[in-house]
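Computation of the quantities below employed the complete heavy-atom set of this structure, encompassing side-chain atoms and omitting hydrogens, waters and symmetry-equivalent molecules.
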Amino acid sequence: STFPAPKGITDIYSYGNITTCEIQGFFAQVSVAGPLYNCFLSLYFLHHVFYGKKGQKIRNKIEPYIHLFAIGYPLATAIAGLMLGVFNF
């Protein structure tokens, strides 16, 4: 949406400022966590159902890294984007 973009930069429907533009960019980047987490969940069920692997090994050894990557990566890149100012065009 162009509503959070600063006035006069994109089109007539821009009502925001630099802060609202950066907030929208931050949440757009964090929203990558949903599909990424869904991908890992699908892989978990693939190994559990199709390959017949027991969940205990996956839970103890792999699952902590899955949570860290699926939530940490989008959050870290969103914070880095805010610090570097890449969300404000």
Side-chain angles (χ1 to χ4, degrees):
S1 172
T2 59
F3 284 119
K7 290 181 184 179
I9 289 188
T10 55
D11 60 1
I12 59 172
Y13 297 111
S14 302
Y15 296 108
N17 54 29
I18 292 173
T19 304
T20 58
C21 187
E22 289 177 347
I23 290 170
Q24 182 186 22
F26 177 81
F27 284 113
Q29 183 64 30
V30 169
S31 70
V32 171
L36 192 59
Y37 201 82
N38 193 14
C39 177
F40 283 125
L41 190 61
S42 297
L43 288 174
Y44 170 77
F45 283 117
L46 175 74
H47 281 291
H48 188 69
V49 174
F50 188 72
Y51 294 123
K53 306 243 180 187
K54 297 296 179 193
Q56 192 66 21
K57 180 182 178 186
I58 295 173
R59 267 194 301 271
N60 291 340
K61 295 188 177 185
I62 300 172
E63 190 174 351
Y65 296 108
I66 289 173
H67 291 298
L68 181 67
F69 186 76
I71 297 170
Y73 177 74
L75 191 60
T77 56
I79 291 171
L82 277 179
M83 297 298 158
L84 296 173
V86 298
F87 297 135
N88 182 17
F89 56 91

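No continuous path of hydrophobic side-chain contacts links Ile71 to Ile62 [ILVMFWY only; heavy atoms under 4.5 Å]. Hydrophobic clustering places Ile79 together with Leu82 (ILVMFWY residues linked when any side-chain heavy atoms are closer than 4.5 Å, directly or through intermediates).
Taken to the nearest 0.5 Å, the CG atom of Leu43 stands 9.5 Å off from the OH atom of Tyr51.
Every residue was checked against the ring-ring contact (aromatic ring centres under 6.0 Å, His included) condition with Phe27, not counting sequence neighbours, and none meets it.
Across every non-hydrogen atom of Pro74 and Val32, the tightest pair is CG-C, 4.2 Å. Nearest heavy-atom pair, Ala33 versus Ala70, reported as atom, atom and distance to 0.1 Å: CB-O, 3.5 Å.
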Trace of the side chain to side chain contact (heavy atoms under 4.5 Å, CB included) decision for Ile23 with Phe87 = CA-CA 8 Å; Ile23 290 170; Phe87 297 135; over 6 Å; no
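Looking at heavy atoms from C-beta onward, Thr77 lies out of side-chain contact with Phe26 at the 4.5 angstrom threshold.
Here side chain to side chain donor-acceptor pair (under 3.5 Å) pairs that include residues 35-48, with residues two or more places apart or in two chains, are Tyr37-His67.
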